[in-house]
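Okay, structure first, notes after.
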Amino acid sequence: MTDFEKKVLRVVLKIPLGEVRTYKWVAQKCGRPRAWRAVANALAKNPFTLLVPCHRVVKSSKKYGGYALGAALKKDLINLEKKIRDVIE
DNA sequence: CAATAATAGTCCC
DNA sequence: GGGACTATTATTG
């Protein structure tokens, strides 16, 4: 666990329910606008895939990118969270 | 030092 | 809008 990874986790954890952000966005929040590679690494190498909403972190506004548990599951989770948000609101 | 990875931006059709 | 190509960064052996 490195300090950079901690920053990444903290940033990802504060993403609102049903909201999706890009890896670039997370990288900027960590102070490294061009560290999205390391951001993906931090999420992929750690078991935090189930502890942090890393499924809300997508590639760009067009595609969802990948997911350790399956891109299909990630997409499904995002869609599901949108429904949840709609329900609780 | 080299390899790796869950990307982003740009060019072209 | 979508496919192909390149640039970029932190971590690990």
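First the proteins, then the strands, lettered A, B, ... as listed; each starts at 1. All values below come from the heavy atoms of this structure, side chains included, with hydrogens, waters and symmetry mates left out.
- Taken together through direct or relayed side-chain contacts under 4.5 Å among Ile, Leu, Val, Met, Phe, Trp and Tyr, A:Leu51 and A:Val12 form part of one hydrophobic cluster.
- Pairing each heavy atom of A:Gly65 with each of A:Ala71, the nearest pair is O-CB, 3.9 Å.
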If you look only at distance, which donor and acceptor atoms sit under 3.5 Å apart when one is on a side chain in residues 33-44 of chain A and the other is two or more places apart or in another chain?
none

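- Listed by first residue number, the stems of DNA chain C with at least three Watson-Crick or G-U pairs below 3.5 Å are B:1-5 with C:9-13, B:7-13 with C:1-7.
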Could I get a table of every N or O pair under 3.5 Å where one atom is in the protein and the other is in nucleotides 11-13 of chain B?
none

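- Of all the residues in residues 63-78 of chain A, A:Lys63 reach under 4.0 Å from DNA chain C with at least one non-hydrogen atom.
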Could you please spell out the steps behind the side chain to side chain contact (heavy atoms under 4.5 Å, CB included) verdict for A:Lys82 and A:Asp86?
CA-CA 6 Å; A:Lys82 288 181 181 178; A:Asp86 186 63; over 6 Å; no
Which donor-acceptor pairs under 3.5 Å do side chains of residues 20-29 of chain A form with protein atoms, sequence neighbours excluded?
| residue | atom | partner | partner atom | Å |
| --- | --- | --- | --- | --- |
| A:Arg21 | NH1 | A:Glu19 | OE1 | 3.3 |
| A:Thr22 | OG1 | A:Trp25 | N | 3.2 |

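- Hydrophobic clustering places A:Phe48 together with A:Leu13 (ILVMFWY residues linked when any side-chain heavy atoms are closer than 4.5 Å, directly or through intermediates).
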List the atom pairs, with distances to 0.1 Å, where a side-chain N or O of residues 1-9 of chain A and a protein N or O form a donor-acceptor pair under 3.5 Å, not counting sequence neighbours.
| residue | atom | partner | partner atom | Å |
| --- | --- | --- | --- | --- |
| A:Thr2 | OG1 | A:Glu5 | N | 3.4 |
| A:Glu5 | OE1 | A:Asn46 | ND2 | 2.8 |
| A:Glu5 | OE2 | A:Lys45 | NZ | 3.0 |

Using a 4.0 Å heavy-atom cut-off, write out nucleotides 6-13 of chain C from 5' to 3' as B (base contacted by protein), S (sugar-phosphate only) or - (no contact).
-BBBBSS-
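- If you check residues 9-28 of chain A against DNA chain B, the residues with a heavy atom closer than 4.0 Å are A:Thr22, A:Tyr23, A:Lys24, listed by number.
- Sorted by first and then second residue, the side chain to side chain donor-acceptor pair (under 3.5 Å) pairs involving residues 64-76 of chain A (not counting sequence neighbours) form an empty list.
- The separation between A:Phe48 atom CZ and B:dA6 atom C1' is 16 Å, rounded to whole Å.
- Taking a 4.5 Å side-chain heavy-atom cut-off between Ile, Leu, Val, Met, Phe, Trp and Tyr, the cluster of A:Val87 contains only that residue.
- For A:Arg56, the side chain to side chain donor-acceptor pair (under 3.5 Å) partners two or more places apart in sequence, or in a different chain, are A:Glu81.
- Connection of A:Val11 to A:Val52 is established within a shared hydrophobic cluster, with ILVMFWY side chains joined at heavy-atom distances below 4.5 Å, either directly or through further cluster members.
- Residues satisfying the side chain to side chain contact (heavy atoms under 4.5 Å, CB included) criterion with A:Leu50, sequence neighbours excluded, are A:Leu69.
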